[in-house]
There are 2 protein chains.
Amino acid sequence: MSKETILDQMKEEGLRITPQRVHIVELLFELSHPTADRIYTLMSEKFPYVSQATVYNTLKKLKEIGVVRELMDGDKSSNFEVNEMEHWHFNCKVCGEIYDLEPAKTEALMAVGTQKGAFQVESYQVKFYGICAKCM
Amino acid sequence: MSKETILDQMKEEGLRITPQRVHIVELLFELSHPTADRIYTLMSEKFPYVSQATVYNTLKKLKEIGVVRELMDGDKSSNFEVNEMEHWHFNCKVCGEIYDLEPAKTEALMAVGTQKGAFQVESYQVKFYGICAKCM
DNA sequence: ATAAATGCAAATGCTTTGCATTGCC
DNA sequence: GGCAATGCAAAGCATTTGCATTTAT
């Protein structure tokens, strides 16, 4: 997915293309799993008067139209990423970095989810925790 | 794991056994993946002056000594469970209920986590989202 | 006796909301 | 021109913290 694809998608969904929104999309491509606050901080360099509300609301809309995913990890603040092809995540407990991993066969996972035959699985989330190479 | 096991574990770790804590442990066995607030509400029936701080702090300590697990799902408040044998979860998006599932072969999952040979995986989390039988 | 746990209230941190103003389409 | 997006401030919610009092050991 490219910046242009996302902007097109936004137009299709009736969202307006503002300079702030364009820059949020750009930052989503430049950064690795940024938080809303990290985006806000970097936004401020280019748009000194940008508000957190704009960042949060924009990310929410982008999530709603399906071009952005939110990675939620409880008490910590959410991380965001462009909704590319499916993948899993590895969270380093030392540096906090989030790494992308190739997914295992999804059919196998879905089968687990559907065990007992009573669950209509729409999605699942797999997250690994540990220590990354840099921190070992 | 039984209530007594947990209380023993608490003593071993130097935690004091108070009536409030005993009841929190009992509720953890009676309820299905309760939130801190749900525990607090039910606590109030038996201990009208219990505070949220007591519930939150106790759950935190129980987590620290490893007898309780916290299921975190982002913006929503956390759910808690006794740390029994490993299992996965299914979240129903209609009723919000959390169901326990048998885990698939963990070795396979660990292997995915260790792909690229650079991650020391300590734990992982698998969660399914969808609609449960009751809600279909 | 003493160190930890409790209850209360205030504080925190992330995110959302209300509202007047601005600016895309 | 009309309606959505912005910026600002205030509100919301879950959770944590400080502190004086109580209580388990």
Side-chain angles (χ1 to χ4, degrees), chain A residues 6-27 33-65 67-80 96, chain B residues 6-27 33-65 67-80 96:
Chain A
I6 290 188
L7 295 179
D8 287 350
Q9 197 80 26
M10 288 170 70
K11 274 182 218 157
E12 267 179 44
E13 300 277 349
L15 296 186
R16 292 186 181 169
I17 310 302
T18 65
Q20 291 92 329
R21 287 181 169 178
V22 172
H23 199 226
I24 288 174
V25 171
E26 287 168 351
L27 287 174
H33 310 93
T35 60
D37 195 64
R38 175 139 182 67
I39 292 175
Y40 168 71
T41 303
L42 293 176
M43 281 288 287
S44 303
E45 295 175 5
K46 204 164 179 178
F47 301 88
Y49 295 105
V50 74
S51 72
Q52 315 223 62
T54 298
V55 175
Y56 277 103
N57 291 335
T58 298
L59 288 171
K60 201 177 181 185
K61 300 243 158 146
L62 294 179
K63 220 179 71 177
E64 279 166 19
I65 68 171
V67 297
V68 157
R69 262 199 298 256
E70 181 177 5
L71 311 178
M72 303 180 292
D73 197 7
D75 43 339
K76 293 198 275 293
S77 50
S78 291
N79 298 89
F80 294 86
Chain B
I6 291 189
L7 295 179
D8 287 350
Q9 196 79 29
M10 289 169 72
K11 276 182 216 158
E12 267 179 43
E13 299 278 351
L15 296 186
R16 293 187 181 167
I17 311 301
T18 66
Q20 290 92 330
R21 286 181 170 177
V22 172
H23 199 227
I24 289 174
V25 171
E26 286 168 353
L27 287 173
H33 310 93
T35 59
D37 195 63
R38 176 138 182 66
I39 291 175
Y40 168 70
T41 303
L42 293 176
M43 280 289 287
S44 304
E45 296 175 4
K46 203 165 180 178
F47 300 87
Y49 295 106
V50 74
S51 71
Q52 314 223 62
T54 297
V55 176
Y56 277 104
N57 290 337
T58 298
L59 289 171
K60 202 178 182 185
K61 299 243 159 145
L62 293 179
K63 220 180 70 178
E64 279 166 20
I65 67 171
V67 297
V68 157
R69 261 199 299 256
E70 181 177 4
L71 311 178
M72 303 179 292
D73 197 8
D75 43 339
K76 292 198 274 295
S77 48
S78 291
N79 298 89
F80 295 87

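Just so it is clear, the structure is predicted and the values come from calculations on it, not from any experiment. Order of the sequence lines sets the chain letters (A, B, ...), proteins ahead of strands, with each chain counted from 1.
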Atom pair distance, as rounded to whole Å: [atom1] in [X] and [atom2] in [N]:
{"X": "B:E70", "N": "D:dT15", "atom1": "CD", "atom2": "P", "answer": "7 Å"}
{"X": "A:I65", "N": "D:dA5", "atom1": "CD1", "atom2": "P", "answer": "11 Å"}
{"X": "B:Y40", "N": "D:dC13", "atom1": "OH", "atom2": "P", "answer": "16 Å"}
{"X": "A:L62", "N": "D:dA5", "atom1": "CG", "atom2": "P", "answer": "11 Å"}
{"X": "A:I24", "N": "D:dT6", "atom1": "CD1", "atom2": "C1'", "answer": "11 Å"}
{"X": "B:L15", "N": "C:dA3", "atom1": "CG", "atom2": "P", "answer": "17 Å"}
{"X": "B:K63", "N": "D:dT16", "atom1": "NZ", "atom2": "C1'", "answer": "13 Å"}
{"X": "A:E64", "N": "C:dT16", "atom1": "CD", "atom2": "C1'", "answer": "13 Å"}

Sub-4.5 Å side-chain heavy-atom contact between A:V25 and A:M10: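 Yes, their side chains come closer than 4.5 Å.
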Of residues 42-57 of chain A, the positions that come close to DNA chain D - non-hydrogen atoms, cut-off under 4.0 Å: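 A:Y49, A:V50, A:S51, A:A53, A:T54 - these, ordered by number, are the residues of the stretch whose heavy atoms sit under 4.0 Å from the strand.
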Main-chain N/O of A:T58 paired with A:R21 side-chain donor or acceptor, under 3.5 Å: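 A pair under 3.5 Å: no.
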When you check the phosphate oxygens OP1 and OP2 of [N], does a side-chain N or O of [X] lie under 4.0 Å from one of them?
{"X": "B:S78", "N": "D:dT15", "answer": "yes"}
{"X": "B:Q20", "N": "C:dG7", "answer": "yes"}
{"X": "A:R21", "N": "D:dA4", "answer": "no"}

Closest heavy-atom pair and its distance - A:V50, A:Y40: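 Closest heavy-atom pair between A:V50 and A:Y40: O-CE1, 3.4 Å.
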side-chain contact (heavy atoms from CB on, under 4.5 Å) involving A:N79 - partner list, sequence neighbours excluded: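 A:N79 satisfies side-chain contact (heavy atoms from CB on, under 4.5 Å) with A:H33, A:T35, A:L71, A:I98 once adjacent residues are dropped.
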With respect to the side chain of [X], which nucleotide from [options] is positioned closest?
{"X": "A:A36", "options": "D:dT15, C:dG7, C:dT15", "answer": "C:dT15"}
{"X": "A:T58", "options": "D:dA14, C:dA5, D:dT6", "answer": "D:dT6"}
{"X": "A:K60", "options": "C:dC14, D:dT16, C:dT16", "answer": "C:dT16"}

Steps toward side-chain contact (heavy atoms from CB on, under 4.5 Å) verdict (A:K11, A:D8): CA-CA 5 Å; A:K11 274 182 218 157; A:D8 287 350; 4.2 Å; yes
What are the atom names and distances for every N/O pair under 3.5 Å that joins the protein to nucleotides 19-24 of chain D?
unit_1, atom_1, unit_2, atom_2, d
D:dA24, N3, B:R16, NH1, 3.3

Within residues 47-63 of chain A or reaching into it, pairs that qualify as salt bridge (charged side-chain N to carboxylate O under 4.0 Å, His left out) - sequence neighbours excluded: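 Passing the test, one end in residues 47-63 of chain A: A:K63-A:E70.
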Pairs where residues 35-58 of chain A contributes a residue and the test salt bridge (charged side-chain N to carboxylate O under 4.0 Å, His left out) is met, not counting sequence neighbours: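 Output for this query is empty, none listed.
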With sequence neighbours excluded, residues passing side-chain hydrogen bond (donor to acceptor under 3.5 Å, both in side chains) with A:E26: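 A:K3.
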Between B:S51 and B:T54, a side-chain donor and acceptor under 3.5 Å: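 Distance-only check passes for B:S51 and B:T54.
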Spatial distance of atom CD (A:E12) from atom CD1 (A:I65) [nearest 0.5 Å]: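 It comes to 9.0 Å.
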Sugar-phosphate, base or nothing in reach of B:K61, heavy atoms under 4.0 Å: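 Contact class for B:K61: sugar-phosphate only.
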